[in-house]
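Whatever order the structure lists ligands and atoms in, that order sets their numbers, starting from 1.
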Amino acid sequence: MSFKPANKIQDLQYFGEFGGVNPSISDSSTYTFLSAKTMFDTFEGNADGCYLYSRHSTPSNLHLGEALAAMEGTETANVAASGMGAITPVLLQLCGAGDHIVSSRTIYGGTYAFLKNFTPRLNIITTFVDITKLDSVEAAISKNTKILYCESVSNPLLEVADIQGLSKLAKKHNLKLIVDNTFSPLSISPSKLGADVIIHSLTKFINGSSDTVGGVVCGTQEFIDELRNVNDGASMLLGSTMDSLRASSVLKNLRTLHIRMKQHSKNAAYLAEKFEKAGLKTVYPGLESHPSHRLFKSMYNEAYGFGGMLTVDVGSLEKANELMELMQERNLGYLAVSLGFYKTLFSAPGSSTSSEIPEEEQKEMGLSDGLIRFSIGLDDDIERTFDIMKACMEELNILTHSVA
Ligand code: PLP
């Protein structure tokens with residue numbers, strides 16, 4: 001694909017009102033109006049370019065939103081205080097009592113918990129499906145279904161969604177296709193493949209500094225206006241607003257995302273290949289052995305590769321814990337949840353980020369106890385990293401084959 005979203009970010013031209021190369025940070029929660037009539041019009045949603053109150057929008061939040069919309073190729077975007085603060089209003093905006101959602105069963109634990117435990121209180125029911133099987137997805141759609149929900153690359157199992165195929169189903173049944181693209185920014189551009197709404201937890205690769213949580217919803221002007229509507233907009237009324245100071249800092253980090261993604265992908269591809277050769281059960285979309293390797297290739301923007309996430313199954317939770325503690329001791333990364341940091345981060349999702357999913361369901365979806373999820377860092381010398389990881393694995397008798 002020739003589409004190069006990072007170029008869109010580079011083409012944006014925002015600077016401060018005093019000529020600063022960065023836009024000034026809006027340091028106000030409320031805004032003055034020159035006439036009372038304009039204030040009234042703004043409440044009615046009719047005064048373009050006027051700011052009202054910072055829970056609604058701020059210049060800094062709009063700058064970040066526009067940059068992310070340019071990256072995702074959507075008309076506009078709305079930033080939020082966290083990834084969950086982006087996801088939950090979208091679902092609640094599109095569904096009311098009696099409505100139904102079809103969702104991938106392998107999604108971030110928090111989203112899963114929201115759909116499984118929280119939305120039923122509002123009589124919004126979700127059917128969880130194997131998203132890689134379009135037949136089962138279609139079979140789960142009923143007359144009350146409003147949303148098809150998935151992650152382009154799922155957390156933590158790295159299943160890949162066929163976004164074009166899902167988009168066809170969504171169109172056929174008049175549903176909205178919502179794609180969480182947190183694991184594959186730049187690599188996959190869901191809007192080009194037919195997604196209606198694209199969500200990110202900015203907390204991860206996009207901000208890349210592990211210093212904040214943040215989220216974004218990218219979509220049409222009409223939908224984003226609906227989310228922000230003062231009378232019935234879920235983003236406006238639920239109040240998960242990003243602070244302007246933070247929006248400005250995320251915007252600055254976003255400008256290096258293209259360089260970082262290339263390095264994350266390069267390092268993850270190197271390690272995945274080495275781990276697999278060593279006989280470890282390794283899952284990485286860039287490996288030929290990944291069931292959706294071809295599908296990923298058919299969708300991706302090649303320059304950004306297959307992403308920075310991989311999983312390795314070391315057999316048991318005890319072994320996983322021992323290995324993670326040893327790798328941390330040897331300064332290979334941190335035993336921490338989250339992803340997209342300059343250091344490698346590792347965790348055992350069964351007992352952490354996916355612990356909201358009951359054990360039986362974890363088993364059913366292939367989430368085993370010994371699974372370690374790696375977010376591979378920006379190491380400049382990944383060969384050396386592998387040598388030290390290999391030594392850790394040998395010390396714990398995890399490696400079965402000798403590796404070149
Ligand atoms: N989506 C995915 C794929 C995630 O991994 C996460 C968090 O881990 C979220 C959404 C939620 O984002 P946040 O923690 O910023 O609320």
Side-chain angles (χ1 to χ4, degrees), residues 64 68 72 77-92 101 103-118 128 131 147 149-161 163 178-188 190 195 197-218 234-235 238-243 246-247 249-250 253-254 261 264 283 285 307-311 334-341 345-357 365 367 371-376:
L64 176 60
L68 290 162
E72 284 297 0
N78 190 48
V79 295
S82 70
M84 288 308 289
I87 293 167
T88 53
V90 167
L91 298 171
L92 296 178
I101 296 172
S103 167
S104 166
R105 61 183 186 180
T106 63
I107 49 174
Y108 165 59
T111 314
Y112 181 88
F114 183 69
L115 291 173
K116 172 109 179 169
N117 307 328
F118 195 96
F128 294 96
I131 203 73
I147 289 177
Y149 187 91
C150 69
E151 295 172 359
S152 354
V153 178
S154 76
N155 182 0
L157 293 176
L158 310 182
E159 284 180 353
V160 179
I163 298 171
I178 318 285
V179 178
D180 177 338
N181 200 26
T182 300
F183 273 34
S184 45
L186 299 180
S187 295
I188 294 182
V197 178
I198 298 100
I199 298 178
H200 282 277
S201 164
L202 301 176
T203 315
K204 313 294 162 36
F205 290 105
I206 290 183
N207 184 55
S209 308
S210 292
D211 55 1
T212 186
V213 289
V216 69
V217 180
C218 303
S235 293
L238 294 171
S240 174
T241 310
M242 179 178 270
D243 183 68
R246 189 51 85 180
S249 125
V250 176
N253 290 342
L254 173 66
M261 283 320 294
H264 284 300
V283 174
M309 302 301 295
L310 63 88
T311 68
Y334 297 131
L335 202 181
V337 298
S338 203
L339 38 134
F341 198 37
L345 301 179
F346 29 80
S347 56
S351 53
S352 61
T353 48
S354 297
S355 55
E356 294 92 339
I357 303 172
M365 61 176 70
L367 211 175
L371 196 82
I372 302 179
R373 184 188 78 179
F374 285 82
S375 162
I376 304 300

*Do the side-chain N and O atoms of R373 and N155 include a donor-acceptor pair separated by under 3.5 angstrom?*
yes
_Using the side chain to side chain contact (heavy atoms under 4.5 Å, CB included) criterion, which residues pair with S201? Sequence neighbours excluded._
T182, T203, K204
*Taking only heavy atoms of the protein into account, state which residues are under 4.0 angstrom from an atom of ligand 1, in chain and number order.*
S82, G83, M84, I87, Y108, E151, N155, D180, T182, F183, S201, T203, K204, G214
_Restricting to ring-ring contact (aromatic ring centres under 6.0 Å, His included), what partner residues turn up for F205, sequence neighbours left out?_
H264
*If only atom types and distance count, is the side chain of S347 paired as donor or acceptor with the main-chain N or O of P349 below 3.5 Å?*
no
*Residues that Y334 engages under ring-ring contact (aromatic ring centres under 6.0 Å, His included), provided they are two or more places apart*: none
*Backbone N or O of G340 within a donor-acceptor pair of the S375 side chain at under 3.5 Å?*
yes
